[in-house]
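Written below as structure tokens is the structure these notes are about.
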Amino acid sequence: MNVNALLAVLVFLCPSPLWAQGFAGLGGSAEGFEVPQAGIEFDFPKDHGPHPAYRIEWWYLTANLKGEDGRDYGIQWTLFRSALKPFETDGWQSPQIWMGHAAVTTPDTHYFAERLSRGGIGQAGVAVQPFEAWIDEWRMAGPDMDMDTLTLTANGADFGYDLALSAQGPLVFHGQAGYSVKSADGQASYYYSQPFYSVEGVLHLPDGDMRVTGQGWLDREWSSQPLAEDQTGWDWFSLSFEDGDKLMAFRLRGGRGDFTSATWINSDGSTDAIPDGSVRLEPLATDQVAGRDVPTQWRVVLADRSIDVKVSALTPDAWMETRFEYWEGPVTVTGSHEGVGYLEMTGY
């Protein structure tokens with residue numbers, strides 16, 4: 001499909017101004033699409049695959065890595081699916097729009113790339129027997145259906161990576177057994193993660209290849225209207241502490257105030273849901289990034305777990321200048337707990 005035509009479709013899907021119905025149209029109407037319901041049990045491996053009856057979905061992997069040179073690195077691999085209509089058909093009549101984002105962040109530079117595709121023609125998609133998610137030559141693939149073992153590849157004009165991932169713990173379900181509420185009005189998504197990947201492989205950078213090892217975090221989420229109309233963006237944290245415990249937390253910013261949610265993840269994979277208002281996410285410092293004031297240092301406080309940490313961007317200029325712009329990059333954690341993680345910020 002002609003890229004300009006595809007962009008026209010995306011503009012139709014998420015009309016300007018983007019903030020009128022939440023970030024990138026995610027607060028738009030769910031009319032005709034299914035909406036998440038509490039109490040629904042997940043069905044694997046089927047739920048690793050696409051859900052065309054829902055409007056929005058993503059397969060989102062980030063990893064904090066250490067190079068042979070002793071420096072810190074981060075990578076992102078994301079496949080987004082957006083539906084124009086709540087069904088699937090073959091060929092050019094498919095209403096599914098696919099978008100891929102990939103990035104490598106070094107202590108000095110942030111590299112990124114974007115791919116766009118129409119569904120139904122094989123250029124992008126997700127299969128579960130065995131698992132494979134792809135757009136063009138970018139691949140997240142495993143030898144079986146459970147996603148415990150994956151290979152990950154992507155490339156851009158100045159970067160690329162070839163990585164192997166192996167799960168060292170169980171899947172984690174956020175909110176009420178995977179039903180994740182996003183606003184006081186009750187908007188919600190289905191949301192689960194695999195935050196226990198060990199990672200090894202090679203980054204391909206302008207100065208040469210760099211062997212890396214580290215840890216990865218996969219997020220799976222789908223919905224049809226995950227934001228309220230007044231919510232203009234979010235700040236999302238995935239933090240991995242040196243003792244093996246982890247924290248997922250987000251703040252959704254809206255005209256009626258912030259809505260927060262979090263999941264405490266013990267090192268054995270057991271979890272505790274943290275309700276709205278219980279986690280404190282406070283910007284400490286901003287940087288000028290792409291002409292915007294973007295918070296690049298944060299204080300994260302979770303009193304019930306004696307968490308009081310400073311979260312700092314590895315590279316403040318980790319701006320994704322893609323079709324829908326946002327900040328995404330690796331962070332370091334200091335204070336009551338030490339560790340690493342990833343931060344995503346939208347709507348700035």
Side-chain angles (χ1 to χ4, degrees), residues 60-78 102-112 150 152 161 163-169 172 193-203 205 210-219 235-251 262-269 271 279 281-285 287 294-302 305-318 320 326-345:
Y60 211 119
L61 192 137
T62 57
N64 294 95
L65 304 170
K66 183 75 73 173
E68 286 186 325
D69 59 356
R71 301 208 306 167
D72 292 323
Y73 296 87
I75 68 97
Q76 174 193 348
W77 191 102
T78 312
V104 169
T105 306
T106 78
D108 310 308
T109 308
H110 180 71
Y111 304 99
F112 68 91
L150 295 173
L152 190 73
Y161 49 76
L163 302 171
L165 294 82
S166 178
Q168 305 300 308
V172 166
S193 300
Q194 173 46 272
F196 292 108
Y197 282 120
S198 64
V199 184
E200 61 179 4
V202 179
L203 306 182
L205 300 171
M210 177 60 60
R211 294 206 63 84
V212 292
T213 58
Q215 53 189 306
W217 184 305
L218 172 71
D219 272 351
D235 309 297
W236 171 86
F237 299 77
S238 62
L239 307 181
S240 296
F241 304 120
E242 288 184 348
D243 63 4
D245 295 336
K246 301 176 186 292
L247 176 67
M248 184 286 297
F250 60 79
R251 177 182 78 156
T263 303
W264 180 262
I265 306 169
N266 295 299
S267 58
D268 64 0
T271 62
V279 65
L281 305 172
E282 175 189 350
L284 295 178
D287 278 279
V294 178
T296 52
Q297 287 189 1
W298 291 77
R299 184 184 181 194
V300 176
V301 179
L302 182 58
R305 294 286 179 170
S306 300
I307 297 290
D308 189 343
V309 296
K310 183 169 76 171
V311 175
S312 304
L314 175 67
T315 305
D317 194 25
M320 299 291 290
Y326 58 100
W327 194 100
E328 178 97 29
V331 296
T332 59
V333 181
T334 57
S336 66
H337 293 61
E338 304 289 316
V340 296
Y342 246 79
L343 170 60
E344 179 183 82
M345 299 178 285

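Reckoned from all heavy atoms, side chains included, excluding hydrogens, waters and symmetry mates.
Expressed to the nearest 0.5 Å, how far CG of L203 lies from CG of L163 amounts to 6.5 Å. Of the inter-residue distances, the one linking D245 atom CG with R305 atom CZ reads 7.5 Å to the nearest 0.5 angstrom. For the atom pair CH2 of W77 and CG of L165, the computed distance is 11.5 Å after rounding to the nearest 0.5 Å.
Counting only heavy atoms from C-beta outward, the side chains of K310 and V333 never approach each other to under 4.5 Å. Side chains of Y60 and E328 form a contact here, defined as non-hydrogen atoms less than 4.5 Å apart. Between M248 and S193, every side-chain heavy-atom pair lies at or beyond the 4.5 Å cut-off. At a threshold of 4.5 Å between non-hydrogen side-chain atoms, the residues L281 and F250 do not count as touching. Here the side chains of V199 and V212 are not in contact, with every heavy-atom distance at 4.5 Å or above.
The pair R211-D69 fails the salt-bridge criterion, with no side-chain N (NZ, NE, NH1 or NH2) lying under 4.0 Å from an Asp/Glu carboxylate O.
With hydrogens and angles left out, the side-chain atoms of E200 and S198 include no donor and acceptor closer than 3.5 Å. Side-chain polar atoms of S336 and D308 form no donor-acceptor pair below 3.5 angstrom.
Between F241 and H337, the ring planes are tilted. Angles from 30° to 60° get that label. Aromatic ring orientation, F237 versus W298: perpendicular (interplanar angle above 60°, classes split at 30° and 60°).
With Y73 as the partner, the side-chain contact (heavy atoms from CB on, under 4.5 Å) test is satisfied by one option alone out of N64, L65, T105, L314: L65.
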